[in-house]
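Scope of the values below: all heavy atoms of this structure, side chains included, with no hydrogens, waters or symmetry mates. Residue numbers start from 1 in every chain, and the chains themselves are labelled A, B, ... in the order their sequence lines are given, proteins ahead of strands.
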2 protein chains.
Amino acid sequence: MKVLSKSCVYGLRALLYIVSEKPRGAFVNIGEISEQLNISFHFLTKTFQVLTQAGILQSYRGPNGGVALARPAEEVFLIDIIHLLEGPGFFDNCLLGLAGCGEAAPCPVHDFWISHKAALKEEFRTASLAQMGARINMKKLRLGP
Amino acid sequence: MKVLSKSCVYGLRALLYIVSEKPRGAFVNIGEISEQLNISFHFLTKTFQVLTQAGILQSYRGPNGGVALARPAEEVFLIDIIHLLEGPGFFDNCLLGLAGCGEAAPCPVHDFWISHKAALKEEFRTASLAQMGARINMKKLRLGP
DNA sequence: ATATTTTAAGACATAATAGTATTAAATCTT
DNA sequence: AAGATTTAATACTATTATGTCTTAAAATAT
Ligand code: SF4
Ligand code: SF4
């Protein structure tokens with residue numbers, strides 16, 4: 001059940017690493033993140049560039065440089081990251097992917113799919129990086145191998 | 001939110017077309033299906049070959065040939081098709097796709113993901129082709145463009 | 001028997017995703 | 001100012017997913 005692309009999974013894991021492991025606003029070395037989470041450095045860098053250009057992260061070059069959250073972790077939600085890295089219509093095009101689908105012309109799986117999809121979307125919409133970071137520390141959840 | 005591969009979506013739509021449009025056990029021309037559902041004939045044929053070899057379909061060549069369900073539509077469930085066309089571990093490897101994950105070493109999204117996943121799996125596990133076919137006819141649901 | 005229809009099988013082509021490498025630009029240290 | 005560090009940007013390669021085409025095999029019809 002592969003729902004998210006690698007790029008998106010990496011982005012989420014990396015952001016959660018930052019908020020759970022580092023003091024707020026701190027610049028974190030991308031090399032460190034890629035090492036800790038076992039993600040390709042260059043690939044992660046590319047993913048971060050999207051987030052930086054979108055204003056989720058800010059970056060700083062040179063020694064002691066890195067990336068840091070550009071906004072308070074309370075104001076960044078998982079759905080924002082997903083929409084950036086998977087495309088804005090991520091929660092629109094669904095299971096059978098018929099053209100012009102929806103309530104008006106539903107496919108056979110519409111009824112039981114649409115509710116689960118909406119519920120899932122709501123979870124991502126309301127889960128902030130701050131919340132998730134706190135939970136990770138509280139419950140000692142893992143982000144890598 | 002792309003969950004299923006094209007191959008799997010085509011397979012599902014095609015099987016649902018057979019059970020909803022044709023008398024039970026009838027052999028249906030693949031060309032007709034591909035035309036009605038606007039699916040590439042050759043691609044659909046390849047997908048059907050998997051289902052045939054797995055004993056979901058039986059096939060017959062030559063004039064008036066085609067494919068037909070090899071078992072009663074009551075005994076074939078959507079999850080069977082999904083497992084065949086997406087791989088048997090489809091409902092196992094999930095959101096962040098960490099190695100060796102699960103209850104013992106959960107990732108941050110485990111809690112809210114695992115329940116939705118299980119619910120969804122249950123829907124597919126209990127939805128038979130017969131049920132779906134009946135619903136399609138009853139509610140005039142669509143399988144194609 | 002021969003030609004026609006239809007699925008089976010596999011080769012081939014294209015596109016999307018994932019991963020790697022190179023060079024450039026910014027910042028720091030000395 | 002010079003060199004080291006680190007992200008940015010771009011180009012390149014590899015893998016997978018998707019789609020097309022060709023040939024073979026089975027069955028029918030004439
Ligand atoms: S579940 Fe609804 S919105 Fe999704 S493909 Fe089916 S008809 Fe369209
Ligand atoms: S949700 Fe649970 S099973 Fe899925 S990747 Fe996270 S830890 Fe593993």
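- In this structure, B:Y10 and A:N64 both approach DNA chain D, and ranking their closest nucleotides by distance from the 5' end singles out A:N64.
- Taking only distance into account, the side chain of A:R61 meets the base of D:dT7 through a donor-acceptor pair shorter than 3.5 Å.
- Here the C1' atom of nucleotide D:dA8 and the CG atom of A:L51 are 14 Å apart, to the nearest Å.
- We find that NZ of A:K6 is positioned 16 Å from C1' of C:dT20, with the value rounded to whole Å.
- In terms of position along DNA chain C, the nucleotide closest to A:S5 lies nearer the 5' end than the nucleotide closest to the other residue of the pair A:S5 and A:G62.
- The nearest heavy atom of DNA chain C to B:G66 and to A:P63 marks one nucleotide each, and the one closer to the 5' end goes with B:G66.
- Proximity of a side-chain donor or acceptor of B:E86 to a complementary backbone N or O of B:S5 within less than 3.5 Å is detected.
- A donor-acceptor contact under 3.5 Å is not formed by the side chain of B:K46 with the base of C:dG10.
- As judged by a 4.0 angstrom heavy-atom cut-off over every strand, B:F27 is placed among residues making no nucleic acid contact.
- Spacing between atom CD of A:E32 and atom P of D:dT7 amounts to 10 Å, rounded to whole angstrom units.
- Here B:Q53 lies in heavy-atom contact (under 4.0 Å) with sugar-phosphate atoms only.
- Put simply, CZ on B:F43 is 15 Å from C1' on C:dC12, counting in whole angstrom units.
- For B:F41, counting side-chain heavy atoms from C-beta on, the closest listed nucleotide (C:dT4, D:dA4, C:dT7) is C:dT7.
- Using modelled atom types, one finds no donor on one side chain facing an acceptor on the other under 3.5 Å when comparing A:S59 with A:T52.
- Residue A:H42 has its side chain nearest to C:dA21 when only C:dA21, D:dA27, D:dT5 are considered.
- Tested against B:F41 for a side-chain contact (heavy atoms from CB on, under 4.5 Å), the candidates B:T45, B:L44, B:I39 yield a single pass: B:T45.
- Rounded to a whole Å, the CG atom of B:L85 is 11 Å from the P atom of D:dT18.
- The CD atom of B:Q58 sits 11 Å away from the P atom of C:dA8 (whole-angstrom rounding).
- Remark: B:Y60 is not in phosphate contact with C:dT5, judged by side-chain N or O atoms under 4.0 Å from OP1 or OP2.
- Judged purely by atom type and a 3.5 angstrom limit, A:K117 has no side-chain atom pairing as donor or acceptor with the backbone of A:C94.
- With respect to A:K139 and B:D111, a salt bridge is recorded, a charged nitrogen being found less than 4.0 Å from a carboxylate O.
- With D:dT6, C:dA18, C:dA9 as the choices, the nucleotide that has an atom nearest any side-chain atom of B:Q49 turns out to be C:dA9.
- Distance, B:I39 CD1 to D:dT20 P: 12 Å, rounded to whole Å.
- When only modelled atom types and interatomic distance are considered, A:E75 and A:S128 share no side-chain donor-acceptor pair under 3.5 Å.
- Between B:S40 and D:dT20 there is a side-chain N or O to OP1 or OP2 distance below 4.0 Å.
- Residue contacts for A:F48: at a heavy-atom cut-off of 4.0 Å it reaches no nucleic acid atom on any strand shown.
- Nucleotide D:dT18 holds its P atom 16 Å from the CG atom of B:N38, rounded to whole Å.
- In terms of phosphate contacts, B:S59 brings a side-chain nitrogen or oxygen within less than 4.0 Å of OP1 or OP2 of C:dA8.
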